[in-house]
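Everything on this sheet refers to the single structure shown next.
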Amino acid sequence: MSEPNSERKQIERFTSFLISKNLRKTPERYEILRCAIECEGHFDIERLHRELEKKGYHVSRATVYNTIELLCSSGIIRKLLFDTHQARYELAELTHSHLVCTQCGEITEISLDEIDARLATMSFKSFTPAYVSTCIYGLCDNCKNKEMNNGL
């Protein structure tokens, strides 16, 4: 869970973004932001929508999707494409790497400080990077053990 001061900074950042784009500051957008901040780890639109419903906040999936896109544009949320399935999202606070299980889809965050730091400082001709997302694909221990126990 995010600290109140951090949440307040994210709300202020989002407000500045909405004002700069001449977009409406709706209660729905702020509740989606709060819920996204409260989500631990990676989340998808469906999970975020379920969390909003649990809190008694009824908004359409389209509103959630559109607001998440705004949060990505503002730099508060990061969109991640780990595989051919749906996009997942996370708070765009720290650079880190991901271990992605190709069997069950579990994602574990890890720190590869030296690699992440070098990637974050690289420059490219005709391209300005916004962030770095490193993924290492393989089998998690649970899936590896299941395969070994099934004789695969």
Side-chain angles (χ1 to χ4, degrees), residues 1-15 17-18 28-124 127-152:
M1 174 116 41
S2 178
E3 295 178 22
N5 191 33
S6 177
E7 181 177 315
R8 186 172 38 253
K9 285 181 182 177
Q10 299 291 26
I11 290 171
E12 289 170 5
R13 183 176 181 179
F14 191 46
T15 300
F17 174 80
L18 293 173
E28 293 82 6
R29 287 178 173 167
Y30 286 103
E31 190 59 34
I32 291 166
L33 169 59
R34 283 187 198 89
C35 196
I37 291 170
E38 290 173 5
C39 282
E40 292 185 15
H42 307 100
F43 60 91
D44 59 23
I45 297 295
E46 287 302 314
R47 176 179 168 205
L48 191 59
H49 188 259
R50 281 192 310 273
E51 293 299 320
L52 287 160
E53 289 287 326
K54 281 183 198 174
K55 292 171 77 174
Y57 214 90
H58 306 292
V59 294
S60 70
R61 281 178 184 78
T63 298
V64 175
Y65 177 80
N66 291 332
T67 301
I68 286 295
E69 290 300 315
L70 290 175
L71 291 167
C72 288
S73 295
S74 72
I76 295 170
I77 299 289
R78 197 176 282 157
K79 184 177 189 174
L80 302 167
L81 302 168
F82 292 113
D83 50 30
T84 57
H85 300 266
Q86 63 191 353
R88 297 192 192 166
Y89 303 87
E90 67 181 0
L91 289 178
E93 294 176 333
L94 300 173
T95 298
H96 54 267
S97 298
H98 301 93
L99 300 176
V100 182
C101 180
T102 56
Q103 188 89 18
C104 69
E106 178 183 335
I107 301 163
T108 305
E109 293 180 356
I110 61 169
S111 177
L112 297 175
D113 292 335
E114 183 179 340
I115 293 171
D116 289 339
R118 292 180 96 184
L119 288 171
T121 61
M122 291 177 76
S123 62
F124 305 91
F127 184 79
T128 303
Y131 62 91
V132 175
S133 176
T134 307
C135 296
I136 301 170
Y137 295 88
L139 291 178
C140 68
D141 285 344
N142 288 336
C143 291
K144 185 177 178 182
N145 290 336
K146 284 179 189 175
E147 281 191 0
M148 289 188 339
N149 291 335
N150 289 332
L152 296 176

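Everything numeric here is computed off the predicted structure, so don't read it as measured data. For this chain, numbers begin at 1 and follow the sequence in order.
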Quiz item: Should Ile32 and Tyr57 be marked as a side-chain contact (heavy atoms from CB on, under 4.5 Å) after you check the CA-CA gap, both sets of side-chain angles, and the distance that decides it?
Solution: CA-CA 9 Å; Ile32 291 166; Tyr57 214 90; over 6 Å; no

Quiz prompt | Evaluation steps, side-chain contact (heavy atoms from CB on, under 4.5 Å), between Val59 and Val64 | solution = CA-CA 7 Å; Val59 294; Val64 175; 3.6 Å; yes

Exercise. Please lay out, stage by stage, how Ile77 and Leu91 fare under the test side-chain contact (heavy atoms from CB on, under 4.5 Å).
Key: CA-CA 5 Å; Ile77 299 289; Leu91 289 178; 3.6 Å; yes

Self-check item: Lys54 vs Glu51, salt bridge (charged side-chain N to carboxylate O under 4.0 Å, His left out): CA-CA, chis, key distance, verdict
Solution: CA-CA 5 Å; Lys54 281 183 198 174; Glu51 293 299 320; 3.5 Å; yes

Quiz prompt | Glu7 and Gln10: CA distance, side-chain angles, deciding distance, side-chain contact (heavy atoms from CB on, under 4.5 Å) verdict | solution = CA-CA 5 Å; Glu7 181 177 315; Gln10 299 291 26; 5.7 Å; no

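Atom CD in Glu90 sits 9.0 Å away from atom CZ in Phe43 (nearest 0.5 Å). To the nearest 0.5 Å, the span separating CD1 on Ile68 from CD1 on Ile45 amounts to 5.0 Å. We find the CG-CG distance between Leu52 and Leu48 to be 5.0 Å, quoted to the nearest 0.5 Å. Here the CE atom belonging to Met148 is positioned 10.5 Å from the CG atom belonging to Leu139, to the nearest 0.5 angstrom.
Scored by the side-chain hydrogen bond (donor to acceptor under 3.5 Å, both in side chains) test, Glu109 finds His42, His96 as partners (sequence neighbours excluded). For Lys55, the salt bridge (Lys or Arg N to Asp or Glu O under 4.0 Å) test picks out Glu31, Glu38, with sequence neighbours left out. Partners of Asp44 under the side chain to side chain contact (heavy atoms under 4.5 Å, CB included) rule, at least two apart in sequence or in another chain, are Glu46, Arg47, Gln86. By the ring pair (Phe, Tyr, Trp, His ring centres under 6.0 Å) test, Tyr30 is found to be paired with Phe14, residues two or more places apart in sequence or in another chain being considered. By the salt bridge (Lys or Arg N to Asp or Glu O under 4.0 Å) test, Glu28 is found to be paired with no residue, residues two or more places apart in sequence or in another chain being considered. Residues forming a side-chain hydrogen bond (donor to acceptor under 3.5 Å, both in side chains) with His49 (at least two apart in sequence, or on another chain): none. Listed by chain and residue number, Thr63 satisfy the side-chain hydrogen bond (donor to acceptor under 3.5 Å, both in side chains) test with Ser60 (two or more places apart in sequence, or in another chain).
Taking the side chain as every heavy atom from C-beta outward, Glu147 and Gln103 approach each other to under 4.5 Å. Arg34 has its side chain within reach of Ile11: a pair of non-hydrogen atoms, C-beta onward, lies under 4.5 Å apart.
The list of salt bridge (Lys or Arg N to Asp or Glu O under 4.0 Å) pairs with a residue in residues 66-77, not counting sequence neighbours, reads Glu69-Lys79.
At a threshold of 4.0 Å, the pair Arg50-Glu53 does not count as salt-bridged, since none of the basic side-chain nitrogens sits closer than that to a carboxylate oxygen.
For the pair Cys140 and Cys101, the tightest heavy-atom approach, listed with the atom from each and the gap, is N-SG, 3.3 Å.
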